[in-house]
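Residue numbers begin at 1 in each chain, while the letters A, B, ... track the order of the sequences. None of these values were measured; they are calculated from a predicted model. Only this structure's heavy atoms are used, side chains among them; waters, hydrogens and symmetry mates stay out.
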Number of protein chains: 2
Amino acid sequence: MGFSHAEENYLKVIYKLSKLQPKGVSTKSIGELLQIKSPTVSDMLRKLGNKKLIKYTKYKGVFLTVKGEQIALKVIRKHRLWETFLVQKFKFKWDEVHYIAEQLEHIDSRELVNRLDEYLDFPQFDPHGDPIPDENGEIAERHNKTLDQVKKGSDVIIVGVKDHSSEFLKYIESLSLTLGAKVSVMDVINYDKSFIVKVNDGKEIGLSLLVCKNLFIS
Amino acid sequence: MGFSHAEENYLKVIYKLSKLQPKGVSTKSIGELLQIKSPTVSDMLRKLGNKKLIKYTKYKGVFLTVKGEQIALKVIRKHRLWETFLVQKFKFKWDEVHYIAEQLEHIDSRELVNRLDEYLDFPQFDPHGDPIPDENGEIAERHNKTLDQVKKGSDVIIVGVKDHSSEFLKYIESLSLTLGAKVSVMDVINYDKSFIVKVNDGKEIGLSLLVCKNLFIS
DNA sequence: AAATTAAATTAGATATGCCTAATCATTTTA
DNA sequence: TAAAATGATTAGGCATATCTAATTTAATTT
């Protein structure tokens, strides 16, 4: 007994939003992420509530149940494994895989997912640095420190991106800011909080606050 | 502008049936293959006709248009490439891949298909011996000679299977009758037209007429 | 050629997943 | 705290893809 693509998509975004909205996920935010109007979201929430995949009380934010979270994690696992596959084996760029993985994440076959995982040698993180849940739904702690949080003089490593948009990814790639890149913070401009950094000991470049906020570091 | 899974499935089976029903494919046969009742099929045929994917005249058999055939061949190409991938790279058995490939064949990404093709080194035939259409819809002639058509004393090679059912595939695999197997016809029993054969010069075994009719040979 | 059988279509219904317009509830602001 | 703004839900529709029951058309049999 499986779930529809629509249901899986809702559960996935509720999972993601629940990390940002611990008091319950709003109808509005779900609709915005899925590009779906809120009456449609309301309908689906009632349906997911009836199926005990979320805790739903009218006019209150929603929460995933254990079962709902399990399903969300399976979809996220598949999405991230397929993204890893596409980049590692098929040589796609990290900004090209999202649309394809959005489709592949709904393929229903437990055995396929596990063979994919094995084929990739059980990766812990996907090409954007996001952690990949294991078969039991265990997932590594997400990186949450961003470049804007460090002080002048720090040496850090890029371990993930918060913004997955093609535009952002292409831009930072053009600056050699890929996963694993070493970033040395030479200066922080007080006026606009922008950063002057060296990437892999290259020449100095400037990064806006917005860019820094979207780079996970360790 | 893509097509729904349902539409793609109809086009695929109409393509396959058109090889057997050159005077036009019947509503009934489409419904049987897709496990869908005929009124539903009628509705869809009208719809596909309006979209100029098939030539549809009420109460007459249907034909694919050039455009409809192109789409059918793309779906078949994806299905057969994915089956090849699953068997070659993920080590699935040839009787395990159908359900998964039925889903993967609808993934929409021209680039993905071409990279898959390249990753597999442009295979001509899938794990069941069926020819794989190329990017332009060109497809090798299907094998059409079956084992039941040869005479006592013939030496032939298994190049494909007509029946893709798990039951059939498992059975013939247990007899070492896989693709590439050498079959020597030792005798044909007149009473029931069954065959006595040696597989890869092993010991003699009997094959019913039905089994022989489902084995493509060269 | 008429009667029967088989196949195909139409009519009418259902579930999913989406929409807009209108209403209701909650939160924020003056 | 009352009014306004924001957010959520209900009401009513629509398209897709399916179904069963009834009807129509074509094919087969006598």
Subject >> Given DNA chain C, 5'-ward residue of the pair A/Lys60 and B/Asp43, judged by closest heavy atom >> reply: B/Asp43

Original post:
When you measure from the centre of the six-membered ring of B/Tyr119, is the NZ or CZ of B/Lys89 under 6.0 Å away and within 45° of the axis?
Top reply: yes

Subject >> Side chain of A/Tyr59 - closest among C/dT26, C/dA7, D/dC19 >> reply: C/dT26

Original post:
A/Met44 CE to D/dA8 P: how many Å, rounded?
Top reply: 17 Å

Original post:
How about A/Gln149 and A/Thr146: does a side-chain donor come under 3.5 Å of a side-chain acceptor?
Top reply: yes

Original post:
Where the side chain of B/Pro39 is defined as all heavy atoms beyond and including C-beta, which of D/dA8, C/dA7, C/dT9 is the nearest nucleotide?
Top reply: C/dT9

Original post:
Rounded to the nearest Å, what distance is computed from the CG atom of residue B/Asn9 to the C1' atom of nucleotide D/dT18?
Top reply: 14 Å

**OP:** Go through the side-chain N and O atoms of A/Gln103 and B/Asp108 and say whether any donor and acceptor fall under 3.5 Å apart.
**Re:** no

Original post:
Considering only D/dT18, C/dA7, D/dT10, which nucleotide approaches the side chain of B/Ile36 most closely?
Top reply: D/dT18

Original post:
When the distance from NZ of B/Lys58 to P of C/dT9 is rounded to whole Å, what number comes out?
Top reply: 8 Å

**OP:** Using modelled atom types only, decide if a donor and an acceptor are shared between the side chain of B/Asn136 and the backbone of B/Glu138 within a distance under 3.5 Å.
**Re:** no

Original post:
Base, sugar-phosphate, or nothing: which does A/Thr27 touch, judged by heavy atoms less than 4.0 Å apart?
Top reply: sugar-phosphate

Subject >> Distance below 4.0 Å between B/Tyr56 side-chain N/O and C/dT9 OP1 or OP2 >> reply: yes

Original post:
Just how far, in rounded Å, is C1' of D/dT16 from NZ of B/Lys37?
Top reply: 19 Å

Original post:
With respect to the side chain of A/Thr40, which nucleotide from C/dC19, C/dT10, C/dT9 is positioned closest?
Top reply: C/dC19

